Trainee: 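Dropping the structure in here first, questions after.
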Amino acid sequence: MENCWKFLRRCGRPERSRKVTLAILGLDNAGKTATVRSIEGENPEDVSPTVGFSAVDLKKGCYDVSLFDLGGGERIRDIWKHYFAESHGVIFVVDSSDVQRMTETKDTLANVLKHPRITGKPVLLLANKQDRDGALREADVIYRLSLENLMHQNNCR
Ligand SMILES: Nc1nc2c(ncn2[C@@H]2O[C@H](COP(=O)(O)OP(=O)(O)O)[C@@H](O)[C@H]2O)c(=O)[nH]1
Ligand SMILES: [Mg+2]
C-alpha cells in the first residue's frame, strides 16, 4: 500500500489539494472492503459483503482521495467499467490464500488491464491475506497471474 502513496508523492506535491480517485477491484471475498477500512485507519475485521458499490473519501497529505469499493461477485463485475473513466488508478486485491480461484483472478485482472480506460494507468496489486495458512507468497502470486506478461501487454505502470 505504501507504494501507492509513494506513487502519488512522485506525481508532485500540488500547492492546492488535488483529487485522486482509485477503483478498488478484485474478486468477491478478496478483501477489498477490509483494505479500504485499513486505509481509513479503521478495524478491517467483521466486514460485510459489499452490495454494489460504496465510496469512501479521505484526505492523504495534500490529496483528496476517493476510493470506489466495488462489489466483486461475478455478476456485478460488469459494472466496474462504468467507474474506469474517472479512476486515476486501480488497487487490485487478491486473496493469496484462495489458490483455487487464481485462474478466475487472472482472467478478471486481464479484463481490467486491457480495458481502454485502464490501459496505461497505475495499478497496484495487493497480495492480501498473507497471514492465512497456505497463502501464496508474492512471487507465486506474480507467477500464477502471469503478471509480468499482463503488465507488458497492457502498458501498465
Ligand atoms: N485472514 C485474513 N482475512 C482477511 C484479510 N482481509 C480480509 N479478510 C477477510 O476476508 C473476508 C472478505 O473480506 P471483504 O473485505 O469483505 O472482501 P471483499 O468482498 O473483497 O470486499 C472477511 O471475512 C474479512 O475479514 C486478511 O488480510 N487476512
Ligand atoms: Mg466488499
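Please read these numbers as outputs of a predicted model, since none were measured by experiment. Remember, it's 1-based here, ligands and their atoms both numbered in the order they're listed.
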Trainee: Heavy-atom distances under 4.0 Å decide this one: backbone, side chain, both or neither, for Arg132 against ligand 1?
Mentor: side chain

Trainee: What pair of heavy atoms forms the shortest contact from Thr35 to Asn128, and how long is it?
Mentor: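 Answer, listing the atom of Thr35 first, then Asn128: OG1-ND2, 4.4 Å.
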
Trainee: Ligand 1 and Lys32, any nitrogen or oxygen pair closer than 3.5 angstrom?
Mentor: yes

Trainee: N/O of Asp131 under 3.5 Å from N/O of ligand 1, yes or no?
Mentor: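 Checking ligand 1 against Asp131, an N or O pair does fall under 3.5 Å apart.
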
Trainee: So, Ser66 versus Asp57: side-chain donor-acceptor pair below 3.5 Å or not?
Mentor: yes

Trainee: Can a non-hydrogen atom of Gly72 be found less than 4.0 Å from any atom of ligand 1?
Mentor: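 So Gly72 does not count as touching ligand 1.
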
Trainee: When you compare ligand 1 with Lys129, is there at least one nitrogen or oxygen pair between them that comes in under 3.5 angstrom?
Mentor: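 The answer is yes, given that Lys129 and ligand 1 share an N or O pair closer than 3.5 Å.
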
Trainee: Using a 3.5 Å cut-off on N or O atoms only, is Asn29 in polar contact with ligand 1?
Mentor: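 Yes: some nitrogen or oxygen of Asn29 is under 3.5 Å from one in ligand 1.
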
Trainee: If you measure from each heavy atom of Val36 to ligand 1, is any distance below 4.0 Å?
Mentor: no

Trainee: From the Mg ion (ligand 2) out to just under 2.8 Å, does an N/O/S atom of Thr33 turn up?
Mentor: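 Yes.
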
Trainee: Can Val93 be said to touch ligand 1, with heavy atoms closer than 4.0 Å?
Mentor: no

Trainee: Under 4.0 Å from ligand 1, counting heavy atoms only, is it the side chain of Thr35, its backbone, both or neither?
Mentor: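 It is neither; nothing of Thr35 touches ligand 1.
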
Trainee: Search all heavy atoms of Gly71 against all heavy atoms of Lys32 and return the closest pair with its distance.
Mentor: C-CE, 4.3 Å

Trainee: Taking salt bridge (Lys or Arg N to Asp or Glu O under 4.0 Å) as the test, write out the residues that go with Lys121, two or more places apart.
Mentor: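 Salt bridge (Lys or Arg N to Asp or Glu O under 4.0 Å) check on Lys121 returns nothing, list empty.
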
Trainee: With heavy-atom distances below 4.5 Å as the criterion, would you say the side chains of Leu25 and Tyr83 are in contact?
Mentor: no

Trainee: Strictly by salt bridge (Lys or Arg N to Asp or Glu O under 4.0 Å), give each pair with a member in residues 75-88 just once, sequence neighbours left out.
Mentor: Asp28-Arg77, Arg77-Glu104, Asp78-Lys81

Trainee: Mind checking whether Ile76 and Leu109 sit in one hydrophobic cluster, side chains of I, L, V, M, F, W, Y counted as touching below 4.5 Å?
Mentor: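 Same cluster.
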
Trainee: Identify which of Leu70, Asn128, Thr33 has a heavy atom lying nearest to atom 21 (O) of ligand 1.
Mentor: Thr33

